[in-house]
K.L.:
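This structure is in structure tokens; I'll ask about it shortly.
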Amino acid sequence: MDKSWMHSDRRSKAYEFGVEAFLNFSVENLLTTTHIRCPCVKCVNLKMFGVGIIRDHLHFNGVDQSYKNWTFHGEPWEATTNASRNVEEDDGHSRYSFVSEEIDMDDNDFGDFGSDPYEFANVIGDGDQPVYPGCRKYTKLSALVKLYNLKAKHGMSDVCFTELLILQGDLLLEGNTIPTSMYEAKKTLCALGLSYEKMHACPNDCILYRKEYEDSTNCPSCGISRWKEGKDSILKEGVPAKVVWYFPPIPRFKRMFQSHETAKSLTWHAARKSIDGRMSHPADSPSWKLLDDKWPEFVHDVDLIDFRS
């Protein structure tokens, strides 16, 4: 589909026809006219409106030109094919270990993004680019992580952050790799995060409100309400008194086994053999061997791991 209109003057007929073609494309694919993500420079696909409001936004605010693949509006995702499928490491440590220390993500910032573990490798390859030609101190990824950490730390709105990115891009040399919108920044950062689930819990840690307790409003053990109590001692129904975060291990295992070197280290205890008969690793201990004998299915699962794939 022709997307050249996105770079046209908003007063031109080409832009007007392009907006209508985009809206028709969205309605045909999403089968709705009332709940469509708005790709204007202020909403950056974070808000949903009807066709009429989106049309007005696109004419008044302009379209987010970094939104090149219309994945939120029914267009198939174009997978990156030139990125390495294996995250290389130096001396057993990731070159981007700073990411986990620097980034401070807001709740639900990344939604369902980052479900494919290979996206992480794509981001690392793309993040190697200098933030502007000749820069040695910051790469695209490290600069973006620093900026996003400031957003989270100071409660910056998405619109404000988008305008900050645009200003940064104007201040830096031509050819800089700073994203021009919140949407583009999220696409880059989403692969750094991993999925998590939020679960309501009893304030006394008796239960999690899931499975048979999913619809309960009071703890069956201690009787305390599931909902938070306000300053006026009135329960705020729908606002949980306590929330715990569950991080599923499987996506993390996939991330760890992407690296051949890390995969070898993770399975080394099962592949190695004690040469001198002495205990040089916990795997040589009687306790470890007892665990192997007691839960052979777990050992079998470890042996089946193929880190060459």
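This one's a predicted model, so the numbers in the text were calculated from it and none came from an experiment.
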K.L.:
Please determine whether side-chain contact (heavy atoms from CB on, under 4.5 Å) holds for the pair Met199 and Val243, giving the CA-CA distance in whole Å, both sets of side-chain angles, and the decisive distance to 0.1 Å.
P.N.:
CA-CA 6 Å; Met199 301 179 184; Val243 177; over 6 Å; no
K.L.:
Once you round to the nearest 0.5 Å, how far does CG of Asn149 lie from NZ of Lys146?
P.N.:
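With rounding to 0.5 Å, CG (Asn149) is 8.0 Å from NZ (Lys146).
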K.L.:
Under 4.0 Å between a side-chain nitrogen and a carboxylate oxygen: does that hold for Glu20 and Arg55?
P.N.:
yes
K.L.:
Quick check on Glu212: does its CD atom have over 12 non-hydrogen neighbours (other residues, nucleotides or ligands) under 6.0 Å away?
P.N.:
yes
K.L.:
May I ask you to check whether Ser265 and Thr262 show a side-chain donor-acceptor distance below 3.5 Å?
P.N.:
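No, Thr262 and Ser265 have no side-chain donor paired with an acceptor closer than 3.5 Å.
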K.L.:
Does Leu58 reach the side chain of Phe22, with side-chain heavy atoms less than 4.5 Å apart?
P.N.:
yes
K.L.:
Using side-chain contact (heavy atoms from CB on, under 4.5 Å), reason through Val27 and Thr32 one step at a time and then give a plain yes or no.
P.N.:
CA-CA 6 Å; Val27 171; Thr32 180; over 6 Å; no
K.L.:
In terms of hydrophobic clustering (I, L, V, M, F, W, Y; side-chain heavy atoms under 4.5 Å; direct or indirect links), are Ile53 and Val19 co-clustered?
P.N.:
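In one cluster with Ile53: Val19, yes.
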K.L.:
With a 4.5 Å limit on heavy-atom distance, are the side chains of Val63 and Cys40 in contact?
P.N.:
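No; the side chains remain at least 4.5 Å from each other.
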K.L.:
Tell me, with the steps shown, if Lys47 and Phe49 meet side-chain contact (heavy atoms from CB on, under 4.5 Å).
P.N.:
CA-CA 7 Å; Lys47 299 179 180 179; Phe49 301 106; 3.6 Å; yes
K.L.:
To the nearest 0.5 Å, what is the distance between OG on Ser225 and CD on Glu229?
P.N.:
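Ser225 OG to Glu229 CD: 8.5 Å, rounded to 0.5 Å.
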K.L.:
Using atom types as modelled and distance alone, determine if a side-chain donor or acceptor of Ser221 lies under 3.5 Å from a backbone N or O of Ile207.
P.N.:
no
K.L.:
Which residue, Phe161, Trp70, Tyr67, forms the ring-ring contact (aromatic ring centres under 6.0 Å, His included) with Tyr183?
P.N.:
Tyr67
K.L.:
Side-chain contact test, heavy atoms from C-beta onward, threshold under 4.5 Å: evaluate it for Pro240 versus Tyr209 and give yes or no.
P.N.:
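They are not in side-chain contact.
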K.L.:
In Å, rounded to the nearest 0.5 Å, how long is the span from CG of Asn45 to CD1 of Ile36?
P.N.:
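Rounded to the nearest 0.5 Å, the CG-CD1 separation comes to 11.5 Å.
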K.L.:
Could you tell me whether the side chain of Leu165 reaches within less than 4.5 Å of the side chain of Thr180, counting heavy atoms only?
P.N.:
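Thr180 vs Leu165: side chains apart.
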K.L.:
When rounded to the nearest 0.5 angstrom, what distance separates CG in Asn61 from CD1 in Ile54?
P.N.:
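Result: 12.0 Å between the selected atoms.
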K.L.:
Given side chains that start at C-beta, do those of Thr139 and Val131 come closer than 4.5 Å, heavy atoms only?
P.N.:
no
K.L.:
So, the side chain of His73 versus the backbone of Arg37: is there a donor-acceptor pair under 3.5 Å, distance only?
P.N.:
yes
K.L.:
So, does Asn176 use its side chain to make a donor-acceptor pair with the main chain of Gly169 at under 3.5 Å?
P.N.:
yes
K.L.:
Any heavy-atom pair between the side chains of Met156 and Leu164 that's under 4.5 Å?
P.N.:
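Yes, at least one pair of side-chain atoms sits under 4.5 Å.
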K.L.:
Does Glu197 form a side-chain contact (heavy atoms from CB on, under 4.5 Å) with Phe247? I'd like the steps, not just the answer.
P.N.:
CA-CA 7 Å; Glu197 299 175 29; Phe247 296 89; over 6 Å; no
K.L.:
When you look at NZ of Lys228, are more than 12 heavy atoms from neighbouring residues, nucleotides or ligands closer to it than 6.0 Å?
P.N.:
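12 or below, so no.
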K.L.:
Does one hydrophobic cluster hold both Val159 and Val44, with members joined at side-chain heavy-atom distances below 4.5 Å?
P.N.:
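As far as the 4.5 Å side-chain criterion goes, Val44 and Val159 are not connected within one cluster.
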K.L.:
State, yes or no, whether a side-chain contact exists between Lys140 and Leu144 at a heavy-atom distance under 4.5 Å.
P.N.:
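Of all side-chain heavy-atom pairs linking Leu144 with Lys140, none is under 4.5 Å.
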K.L.:
Nearest 0.5 angstrom please: Trp295 CH2 to Leu290 CG, how far?
P.N.:
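One gets 7.5 Å once the value is rounded to the nearest 0.5 Å.
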K.L.:
Taking Phe60's backbone N and O only, do any of them form a donor-acceptor pair with Arg10's side chain (distance below 3.5 Å, no angle check)?
P.N.:
yes
K.L.:
List the atom of Cys135, the atom of Pro130, and the distance in Å for their closest heavy-atom pair.
P.N.:
O-CB, 3.5 Å
K.L.:
In terms of hydrophobic clustering (I, L, V, M, F, W, Y; side-chain heavy atoms under 4.5 Å; direct or indirect links), are Tyr138 and Ile166 co-clustered?
P.N.:
no
K.L.:
Output yes when a side-chain donor or acceptor of Thr162 lies under 3.5 Å from a complementary backbone atom of Met182, and no otherwise.
P.N.:
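Side chain of Thr162 to backbone of Met182, a donor-acceptor pair under 3.5 Å: yes, one is there.
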K.L.:
Hydrophobic clustering (ILVMFWY, side-chain heavy atoms < 4.5 Å, transitive) - are Trp227 and Tyr213 grouped together?
P.N.:
no
K.L.:
Hey, is Asp205 close enough to Lys242 for a salt bridge, meaning N to O under 4.0 Å?
P.N.:
yes
K.L.:
Restricting to non-hydrogen atoms, name the atom on Pro133 and the atom on Leu173 that form the minimum distance, rounded to 0.1 Å.
P.N.:
O-CD1, 4.3 Å
K.L.:
Do you reckon Met48 sits in the same ILVMFWY cluster as Val41, going by side-chain contacts under 4.5 Å, direct or chained?
P.N.:
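Result: no, two separate clusters.
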K.L.:
Answer whether the closest heavy-atom distance between the side chains of Leu147 and Gln168 falls below 4.5 Å.
P.N.:
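They are in contact (side-chain heavy atoms under 4.5 Å apart), so the answer is yes.
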K.L.:
Check Ala201 against Leu208 and note the closest heavy-atom contact, atom names and distance.
P.N.:
CB-CD2, 3.7 Å
K.L.:
Assert yes or no for the condition that the ring centre distance of Trp5 to Phe17 is strictly below 6.0 Å.
P.N.:
no
K.L.:
Go through the side-chain N and O atoms of Asp2 and Ser4 and say whether any donor and acceptor fall under 3.5 Å apart.
P.N.:
yes
K.L.:
Quick one: does Ser216's side chain have a donor or acceptor within less than 3.5 Å of a partner on Asn218's backbone?
P.N.:
no
K.L.:
Do the charged groups of Lys42 and Asp64 touch, with an N to O distance under 4.0 Å?
P.N.:
no
K.L.:
Examine the side chains of Arg226 and His200 and answer whether a donor and an acceptor come within less than 3.5 Å of each other.
P.N.:
yes
K.L.:
In terms of relative ring orientation, are Tyr15 and His59 parallel, tilted or perpendicular, with 30° and 60° separating the classes?
P.N.:
perpendicular
K.L.:
So, does Gln65 use its side chain to make a donor-acceptor pair with the main chain of Met6 at under 3.5 Å?
P.N.:
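Yes; judged by distance alone, with no hydrogens or angles, the pair exists.
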K.L.:
Quick check: closest heavy atoms across Leu30 and Gly74, and the distance to 0.1 Å?
P.N.:
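Where Leu30 meets Gly74 most closely, the heavy atoms are CD2-N, 4.2 Å.
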